[in-house]
Amino acid sequence: MRTSQLHLSTTKESPADAEVISHQLMLRSGMIRRLAAGLYTWMPLGLRVLRKIEKIVREEMDAAGASELIMPAVQPAELWHESGRWGQFGPELLRLQDRHGRDYCVGPTHEEVITDIARRDLRSYKQLPVNYYQIQTKFRDEVRPRFGVMRSREFIMKDAYSFHASPESLQQTFDDMHRAYTNIFSRMHLTFRAVEADSGAIGGSGSMEFHVLAESGEDAIAYSTGGDYAANLEKAEAVCSDTLAEPSEEMTLVDTPDTKTIQALVDNFSMPVEKTIKTLICHASEECESDLVALLVRGDHQLNETKANNHPLVASPLCFASEEEIRAAVGAGPGSLGPVKLPMPVIADHTVAAMSDFGAGANIEDKHYFGINWGRDADQPIVADLRNIEAGDPSPDGKGELQILRGIEVGHIFQLGDKYSQAMKATVLDENGKDVVMSMGCYGIGVTRVAAAAIEQNNDDNGIIWPLPIAPFEVALVPINMRRSESLKEATEKLYQQLKDEGIDVLLDDRESRPGVMFADMELIGIPMRVVLSEKGLAKGIAEFKGRTDESATEIDADNIVEFLKSKLA
RNA sequence: CGGGGCAUAGCGCAGCCUGGUAGCGCAUCUGCUUUGGGAGCAGAGGGUCGCAGGUUCGAAUCCUGCUGCCCCGACCA
C-alpha cells in the first residue's frame, strides 16, 4: 500500500472531546471518525487493524473446534419474549417496528437466536457438543458511550455459543475457550490477565473475564503475588484472619456533636479507624421479614456493592435507604447509626464480626457508643463478605497477598447452564431416548475494544506503538527526497515490489513530503519498523532501519534489506 | 436517568463581561525559495457564530426555549 492510496489524514492536535489516549491517537492517526455519539466509521487504516485482530480470533476459534456462522443483526421480539428478556433488558435494547407494526430489536447479543437455531437443528446427544461463533456488529444503547471505540454503542463482537448434553462437556468447552482466549491475546502481544468475575444477572456457575492491563482501565482487578488467584475487584474474596478478642472495655455512651463521618470520629476522639464501623442501610429483599437491612463494614473499608447485591437478604438491585426512611425506622439519621439495638437485621463483614471494643453510632442523634462488643452489647450479626479487598490483603488461595491493577475487559466467558435452553425448550434426546435440556456456554470478545485497549497499553509521546501481529502495516518504507533522484526512485520502487512479493505488509510513503513529516506520521500511526532510503545512503550501499521503540536508527546493507526484514519478522 | 460543562472555518481556540465591518494558529490551494525530524516568505479560498424565538436602530455578544456533544455516578465486549 502507498500512503497516496491510503488517504492518510493525520493531525497534530487531538479533538477537545477525546479524553483517553487511545481515543486521541485513533482520531489523530485517522483510524476512526465519529458519526454521532457512540457511532464510529472505521477508516481504511483502522480497518486493517480490525481485520488482523479478526484473523487471529478466527484462527484460534477454528483451532478450538468452533465453527463460524452469521446471524441476523435484527431479531424478532417473539424470541426475546420467550427468554423473558424483552421485559428485562430495558432501554439499552434498541427496539424498532417494521411496516406491519411488528416488534424487533437490533441484537445486543445473540443467545435467543442461537438457542432457536439449536432447538430446531439439534435432535440427539450424539450431535453434541457444538460451538458456534460469529464476528458481527452489535448495538447496545449505552447510557453513556465514552472513550471513543472503547465503549461505543455500535461495536464489533466475536460471540460464541456452545451446547452440551452434560455439565462435564460444558466445563471442557469452557476450558478450551479459556485456552483459546489465552492464545488469542498472547498472539496479539498484549499484557492481560484472566480473572474470576461475578456472573451477575446472567447466572451460571463459571465466569471469567480477560482484561488487558492499562492504567486507564475502567475495572479494578485483584491478583495474588504468590499464586494464580486473580479476580475482578467486585468478585475478589476478602479473607479475615483476625480472631475475636475478649471484651476489655465497658460500653459507654458518648456525646459526639458534629461527628457525622468516620474521619470526624477519628479526628475528634483519637479513635483508631480500625475500631470504627460504617453502618449502611439499604432495602431488604422479599425473603427478609424487615423492609430494611443494615450492612456493616470497618471504617476504613469500602462496601462492595456487587457482594451486597448478591446477598439473599438484600434487595436486588441494591438500593440504599433514603434519610427519611432511615429516620422513620431508627429515629436517628446517617452519621449516628450503629448495630446496638438496631431494629432490623444486621449483616456484618467478616472483619467487623471479629472486632471488639469498637465504636459506632448509638442510633441516637449526635451520640456514639464506644467499647461495643458483640453478644454483650449488640446481637450477634449475620456474617458475610461485604467489602472490597485492599492491596496487601492475604490472597484467598493462601499464597501471597493481593495487589490491585486496572484493566480493560476485552473478553468474557460464561457457563450459562440451562437459563436460555430451559426457557426456550432447547432439548435433545439422550441415550435413553428421553428429552434433556441442553447446557450452554457463551464466550465474547470485544473486537473493536481490543484495538483501543492495545493502544491504551502501547503508546508513547510520538503516538501508537502497535504490537507487530495487529499493526496496520509491518514496515514503513520512507524514501528521502525521492523526486530529486531518479536512481532513488527506482531503488525504492524495486524494494517496495520485493517486499510485497515476500508477503511483507509494507507501506510506501510516496508523498514526497519533507522527511520530518513522514517520520512523524509513520510513528503516529504506529508502524513497528521503518526503513529509510536516501540517495546518499544508496551511494554508500546502506539503508537505515529503526524499530518503533528503538532509540536511534542503525545502518544496514542496502543489498540485504529483504533478508534483514524477514529475519526481524520471523 | 441524576449532577456539571461546552457549542464561533476541517481541527484547536480567542472575541461575549461592556451589543456596532467575525479573528488567530494548524490544515487546504497558488507561487517562489527550501529539503534527514511536523520549513520560510508572499498571496488565496473557506464560517447563515448549533437551532428557534425575543429585546434592540443594530445581536456571535443580552433574555427564553430547544437540540447536540463532552465530563462525573449506577451498566457492559
Side-chain angles (χ1 to χ4, degrees), chain A residues 9-20 23-24 27-28 30 33-39 53 57 88-93 108-110 135-160 181 197-202 207 209-212 218-219 232 234 305-306 309 317-320 407-414 442-453 462-463 478-485 488 511-524 530 532-537 544 546 552-553:
Chain A
S9 75
T10 60
T11 60
K12 278 192 245 184
E13 285 171 310
S14 49
D17 52 14
E19 192 71 9
V20 296
H23 189 197
Q24 292 172 2
L27 288 168
R28 284 187 54 202
R33 290 288 178 246
R34 193 186 72 94
L35 177 64
L39 301 177
I53 294 170
V57 170
Q88 285 170 16
F89 224 85
E92 196 176 293
L93 188 64
T109 176
H110 280 68
I135 297 178
Q136 190 210 35
T137 298
K138 297 284 188 275
F139 192 93
R140 294 183 188 175
D141 201 353
E142 291 276 348
V143 181
R144 189 147 93 83
R146 59 181 150 173
F147 304 151
V149 113
M150 191 92 86
R151 177 181 297 284
S152 50
R153 293 194 293 176
E154 191 175 295
F155 61 98
I156 297 174
M157 180 161 95
K158 186 287 295 175
D159 47 328
Y181 277 36
D198 184 67
S199 42
I202 297 183
S207 168
E209 292 171 347
F210 287 76
H211 285 261
V212 167
E218 289 189 272
D219 287 280
N232 195 305
E234 64 184 26
E305 296 193 9
T306 304
N309 193 33
L318 182 68
C319 176
F320 288 105
I408 300 164
E409 185 188 347
V410 290
H412 201 159
I413 58 177
F414 271 107
C442 76
Y443 320 94
I445 289 179
V447 172
T448 39
R449 185 181 282 180
V450 167
N462 294 325
V478 181
I480 304 286
N481 297 322
M482 184 162 66
R483 77 174 131 189
R484 293 198 312 185
S485 165
L488 173 61
R511 292 176 298 176
E512 303 185 346
S513 310
R514 299 166 65 86
V517 174
M518 296 195 282
F519 294 159
D521 276 346
M522 293 305 110
E523 281 162 7
L524 174 62
R530 184 182 82 193
V532 175
L533 293 184
S534 66
E535 191 174 26
K536 268 187 294 185
E544 197 177 279
K546 184 175 175 298
S552 56

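Per chain, numbering begins at 1; letters A, B, ... match sequence-line order.
When Watson-Crick and G-U wobble pairs are counted only if both distances are under 3.5 Å, B/A60 pairs with no nucleotide at all. Of all nucleotides present, only B/G73 satisfies the Watson-Crick or G-U wobble test against B/C1, with each distance under 3.5 Å. The partner of B/G23 is B/C13, by the rule that a Watson-Crick or G-U pair needs both atom distances under 3.5 Å. Within the shown strands, B/G65 is the pairing partner of B/C51 under the Watson-Crick or G-U definition, both distances less than 3.5 Å. Of all nucleotides present, only B/G31 satisfies the Watson-Crick or G-U wobble test against B/C41, with each distance under 3.5 Å.
Atom C1' of B/A9 sits at a distance of 11 Å from the matching atom of B/G23, rounded to the whole Å. On the P atoms, B/C26 is 38 Å away from B/U64, given to the nearest whole Å. To the nearest whole angstrom, the two C1' atoms, one in B/A59 and one in B/A22, are 13 Å apart. Spacing between B/C16 and B/A60 at atom C1', rounded to whole Å, works out to 7 Å.
The CZ atom of A/R146 sits 14 Å away from the P atom of B/C76 (whole-angstrom rounding). In this structure, A/E92 places its CD atom 15 Å from P of B/A74, rounding to the nearest Å. Taking atom CZ of residue A/R144 and atom C1' of nucleotide B/G73, one finds them 8 Å apart after rounding to whole Å. Summarising the geometry, the separation between CD1 on A/I480 and P on B/G37 is reported as 9 Å, rounded to the nearest angstrom. Atoms CZ (A/R530) and C1' (B/G38) sit 13 Å apart, rounded to a whole Å. At whole-Å resolution of the value, CD in A/E19 and C1' in B/C69 are 13 Å apart. Straight-line distance from the NE2 atom of A/H23 to the P atom of B/C69: 13 Å, rounded to whole Å. In this structure, the CD atom of A/E142 is 10 Å from the P atom of B/A77, given to the nearest Å.
Taking only side-chain atoms of A/E523, from C-beta outward, the nucleotide of B/A77, B/U35, B/G37 with the closest atom is B/G37. Checking B/C76, B/A39, B/C71 against every side-chain atom of A/V517, the shortest atom distance belongs to B/A39. If you check B/C69, B/C13, B/C72 against the side chain of A/F147, the one that comes closest is B/C72.
One can find a donor-acceptor pair under 3.5 Å joining the base of B/C76 and the side-chain atoms of A/R151.
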*asked:* Set out, in order, the CA-CA distance, both residues' side-chain angles and the distance that settles salt bridge (charged side-chain N to carboxylate O under 4.0 Å, His left out) for A/E523 and A/R530, then state yes or no.
replied: CA-CA 9 Å; A/E523 281 162 7; A/R530 184 182 82 193; 3.4 Å; yes
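A/D219 comes within 4.0 angstrom of a base, heavy atoms only. A/V532 comes within 4.0 angstrom of a nucleotide base, judged by non-hydrogen atoms across all strands. As judged by a 4.0 angstrom heavy-atom cut-off over every strand, A/D17 is placed among residues touching the sugar-phosphate backbone only. As judged by a 4.0 angstrom heavy-atom cut-off over every strand, A/R153 is placed among residues making no nucleic acid contact. Within 4.0 Å (heavy atoms only), A/A520 reaches at least one base atom of the nucleic acid. Using a 4.0 Å heavy-atom distance criterion, A/Q136 is classed as making no nucleic acid contact. Looking at heavy-atom distances under 4.0 Å, A/S14 makes contact with sugar-phosphate atoms alone, never a base. At the heavy-atom level, A/S534 lies under 4.0 Å from base atoms of the strands shown. Looking at heavy-atom distances under 4.0 Å, A/S552 makes no contact with the nucleic acid at all. Residue A/D521 is classed as a base contact, given a heavy-atom separation below 4.0 Å to a base.
Of the possible polar contacts, one joining the A/T448 side chain to the A/I156 backbone as a donor-acceptor pair under 3.5 Å is found. Counting only distance, with no hydrogens or angles, the side chain of A/D141 and the backbone of A/L93 share no donor-acceptor pair below 3.5 Å. Put simply, the side chain of A/R28 gets close to the backbone of A/K12: a donor and an acceptor are under 3.5 Å apart. The closest donor-acceptor contact from the side chain of A/Y443 to the backbone of A/K158 lies at 3.5 Å or more, if one exists at all. Side chain of A/R153 to backbone of A/A37: a donor-acceptor contact under 3.5 angstrom is found.
Taking the centre and axis of the six-membered ring of A/F155, the NZ or CZ atom of A/R449 falls outside the cone set by 45° and 6.0 Å.
Side-chain contact check for A/R33 and A/S9: at least one donor-acceptor pair (N or O, by modelled atom type) lies under 3.5 Å.
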Measure all distances between protein nitrogen or oxygen atoms and nitrogen or oxygen atoms of nucleotides 30-32 of chain B, and list the pairs falling under 3.5 Å.
none

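One finds the CD1 atom of A/I53 at 10.5 Å from the CD1 atom of A/I135 (value rounded to the nearest 0.5 Å).
Salt-bridge annotation for A/E512 and A/R484: absent, with no side-chain N of the basic residue lying under 4.0 Å from a carboxylate O of the acidic one.
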